[in-house]
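Below, read A as the first sequence line, B as the second, and so on, with proteins coming before strands; counting in each chain starts at 1. All figures in this text were calculated on a predicted structure; none of them were measured in a lab.
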2 protein chains.
Amino acid sequence: MAEIARIAGVDISTVSRALAGSSRVAKETRELIDQIVRDTGYVVNERGRALRDGRANQVLVIVSDIGAPFYSDVVQGIVETLAERDINVLLGVTLRQSKREEKLGNQLMTGVVDGIITVTGTLPTTILGMQGLSSKVVAISRPVPHDGVTCVTIDNYAAAKEVMVQLHSMGHRRILHIGGPTSSETYRERSAAYVDFMRDNGLGEFVNMRSTDSFKDDAESGFAIMKSMLDDGLHATAVFCATDELAIAAMAAARRANRSIPGDMSFFGIDDLKVAGLMSPPLSTVAVPRFEMGRKGAEALFRQVYRGAPPSDKIVLDHRLVMRDSVAQAR
Amino acid sequence: MAEIARIAGVDISTVSRALAGSSRVAKETRELIDQIVRDTGYVVNERGRALRDGRANQVLVIVSDIGAPFYSDVVQGIVETLAERDINVLLGVTLRQSKREEKLGNQLMTGVVDGIITVTGTLPTTILGMQGLSSKVVAISRPVPHDGVTCVTIDNYAAAKEVMVQLHSMGHRRILHIGGPTSSETYRERSAAYVDFMRDNGLGEFVNMRSTDSFKDDAESGFAIMKSMLDDGLHATAVFCATDELAIAAMAAARRANRSIPGDMSFFGIDDLKVAGLMSPPLSTVAVPRFEMGRKGAEALFRQVYRGAPPSDKIVLDHRLVMRDSVAQAR
DNA sequence: ATGAAAGCGCTAACAG
DNA sequence: CTGTTAGCGCTTTCAT
């Protein structure tokens, strides 16, 4: 910029103003500067700007594993939304290791980013003391245990209950449940809906659920859990899985054990991943607006961090039951 | 930091040295400063550091769509690798729109990032004139049309040829091909291997391929193309798809048209996505080291950008044929 | 071993 | 309308 000023024979501050589109610059001066900028291919140095402005125009998105389809769709929504607002997205993965999460927290502390969107249900302890924290953070899909933090979710209890109502209406009574990590409120709600529904409908004796532990791949867990259930001789006509990934893996395990789907066993998932409809048989599930969750979360964070809006507690998006051929009338 | 210096009663430069672990600081001074830093919870401002150092310790990863499983696995490898080296990853998505890609190029120009890893096979024109460009960029999976840029790939021609050899050895002669976007060298090679093999084995008359255009979702395209092939009455015992996503969608389309797999038709993909083995029937494919590609690409960029190493042209990783039940002996 | 001072590139307040 | 000046937070000579 100093270079531009030198060539144009004006002060650097005039160049700055011209580039900022200030009205207090003579038309001729502006045109001259614009011309030189074009000729030299000059672009502003954002690092200088960031230091001066006291903000980075960047936010951090924390996921446990971007390879999981659920997260990657949420992130896509976030990135698209923030790109429209000229905010950059830093991607952090925790691999469910708190050490990595702590380190990511530093990005906010050191001013590398202006805010955080987390899809892990946890918050780095490094940032817990930070002032004004709740307006610098948004949680998506999984709420964080911290007051006043905006959380974008669906009604997990209701969604799971709808699945149960549907299975029940098709004659299923012996229904198994494969749950997600109980450390997450999201999965606790889905599982609670299963248990409650069974009890409320006099099926308490058939309640049987196993949950993944948090430190394993969903697909791997789903396969292993379904296999263990079958090995243990559990009898059931339907299996309600807390996610599509679990369901897809569980179906594979059931087929491996020579169960036909949905002849012997019906399967339900939650998420409506893109592959769900392409499976054989296509998977019944609950459509979760992943992309939209990312978008809404990004919008909320943007408003809070860059527009001074207050946090908004809970933003609940709609879900939708999707019936496909993995579920049949109970025999 | 000024605050720390004030409390400690030393100069700010001494604090800087102490925090940097310089040997030219008295033990007592260092301990005092460390204590104050702990008490106050001070952390350095990375923006100031970035301006002063002339680098951002960040790199940009460009993908067309992070929701696609192939890319998200590559990105996972990149993020993990660079996190170990304290380099941040900015995620940029192009949605295959050059406008968005151009804009991402500015991140390098303006100093927001020190380098770029692209998985799109293209380079923003905004950075083309940049000096030392080739050492600031690494391409993964798809080479970019620019001299001297490191590219991490597999041997696509060989991989596709192995698929063909396998199908041929199992008696398949009438083999269809569903190709990826011809704008990408990667897919041109895979398709070329198909065509070459067919011709070289006297099957030229059976050559029949259709490719996705670049602007559509793989799954959607795969379904539509397979459907059109069946609608057009093309006769075949096997379909070789350029990616697993295409294959999965194509299988769904074939089933929809009452083809049994692999009874009526065998299917082959490339990638070995996690779901490939969970399909029914499990999909035969070529395992591509997506995570490792990300890792190798990230390492290469790190060496080039932060260690001054020269670009290394091509880095070719191993692939592996994976036979599963979607392929059977031709009848 | 420590301090003083300069400067990374930018913008905004103030003066003219 | 334009120039001068200061300062964002940091590191690194150069003195001492």
Side-chain angles (χ1 to χ4, degrees), chain A residues 1-37 40-58 86 88 106-114 130 305-306, chain B residues 1-37 40-58 86 88 106-114 130 305-306:
Chain A
M1 190 181 253
E3 174 75 357
I4 305 290
R6 200 183 50 72
I7 301 178
V10 299
D11 190 85
I12 173 176
S13 58
T14 302
V15 177
S16 176
R17 274 189 289 258
L19 263 44
S22 160
S23 56
R24 277 189 273 280
V25 177
K27 196 174 168 222
E28 297 163 10
T29 315
R30 154 166 295 123
E31 281 166 0
L32 173 62
I33 290 174
D34 284 352
Q35 188 55 50
I36 298 174
V37 164
T40 58
Y42 166 85
V43 281
V44 300
N45 181 318
E46 289 290 346
R47 289 189 302 256
R49 189 176 274 178
L51 176 57
R52 156 81 211 195
D53 293 352
R55 55 199 170 75
N57 292 319
Q58 301 190 144
D86 291 319
N88 295 323
N106 282 327
Q107 308 287 357
L108 184 59
M109 301 307 293
T110 59
V112 171
V113 297
D114 307 316
M130 199 172 190
V305 170
Y306 300 106
Chain B
M1 189 179 258
E3 174 75 359
I4 306 290
R6 199 183 52 71
I7 300 177
V10 299
D11 190 85
I12 172 176
S13 57
T14 302
V15 177
S16 175
R17 272 188 289 259
L19 264 43
S22 159
S23 56
R24 276 189 275 283
V25 177
K27 196 174 169 216
E28 299 162 8
T29 317
R30 153 166 296 121
E31 281 165 0
L32 173 62
I33 291 174
D34 284 351
Q35 188 56 50
I36 298 174
V37 164
T40 58
Y42 166 85
V43 282
V44 299
N45 181 318
E46 289 290 346
R47 289 190 300 254
R49 188 177 275 179
L51 177 58
R52 155 81 208 191
D53 292 351
R55 54 197 170 74
N57 292 318
Q58 302 190 142
D86 291 318
N88 296 323
N106 283 326
Q107 307 287 356
L108 183 59
M109 300 306 293
T110 59
V112 171
V113 297
D114 308 317
M130 198 171 193
V305 170
Y306 299 105

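- Checked by atom type and distance alone, the side chain of Asn45(A) pairs as donor or acceptor with a backbone atom of Arg47(A) at under 3.5 Å.
- Listed for the Glu46(B) side chain is no donor-acceptor partner under 3.5 Å among the backbone atoms of Gln107(A).
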What pairs of donor and acceptor atoms, side-chain ones from residues 14-34 of chain A against any protein atom, are under 3.5 angstrom apart with sequence neighbours left out?
unit_1, atom_1, unit_2, atom_2, d
Ser22(A), OG, Arg24(A), N, 3.0
Arg30(A), NH2, Ser22(A), O, 2.6

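- Nearest heavy atom pair, residue Gly111(B) against residue Ala56(B), reads O-CB, 3.6 Å.
- Using modelled atom types, one side-chain atom of Asp11(A) and one backbone atom of Ser13(A) make a donor-acceptor pair closer than 3.5 Å.
- Of all nucleotides in DNA chain D having an atom under 4.0 Å from a heavy atom of chain B, the first and last in 5' to 3' order are dG9(D) to dT13(D).
- Only at 4.0 angstrom or more do the heavy atoms of residues 28-37 of chain B sit from any atom of DNA chain D, so none qualifies.
- Comparing the start and finish of the helix from dA1(C)-dT16(D) to dG16(C)-dC1(D), five pairs each, the helix axis swings through 40°, to the nearest 10 degrees.
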Problem set entry | Stepwise side-chain contact (heavy atoms from CB on, under 4.5 Å) check, Gln58(B) with Val112(A) | CA-CA 10 Å; Gln58(B) 302 190 142; Val112(A) 171; 3.5 Å; yes

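- Across all strands, Thr110(A) comes closer than 4.0 Å to no nucleic acid atom at all (heavy-atom distances).
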Exercise. Stepwise, does the side-chain contact (heavy atoms from CB on, under 4.5 Å) test hold for Asn88(B) with Val113(A)?
Worked result: CA-CA 11 Å; Asn88(B) 296 323; Val113(A) 297; over 6 Å; no

Exercise. Which letters describe nucleotides 7-16 of chain C, given B = protein heavy atom under 4.0 Å from base, S = only from sugar-phosphate, - = neither?
Worked result: BBBBBBB---

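- No side-chain heavy atom of Asp86(B) sits less than 4.5 Å from a side-chain heavy atom of Asn57(B).
- The side-chain heavy atoms of Met130(A) and Leu108(A), taken from C-beta on, include a pair separated by under 4.5 Å.
- Under the side-chain contact (heavy atoms from CB on, under 4.5 Å) criterion, Asn106(A) pairs with Met109(A), Thr126(A), not counting sequence neighbours.
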Exercise. side-chain contact (heavy atoms from CB on, under 4.5 Å) between Arg49(A) and Val44(A): does it pass, once the steps are laid out?
Worked result: CA-CA 8 Å; Arg49(A) 189 176 274 178; Val44(A) 300; 3.7 Å; yes

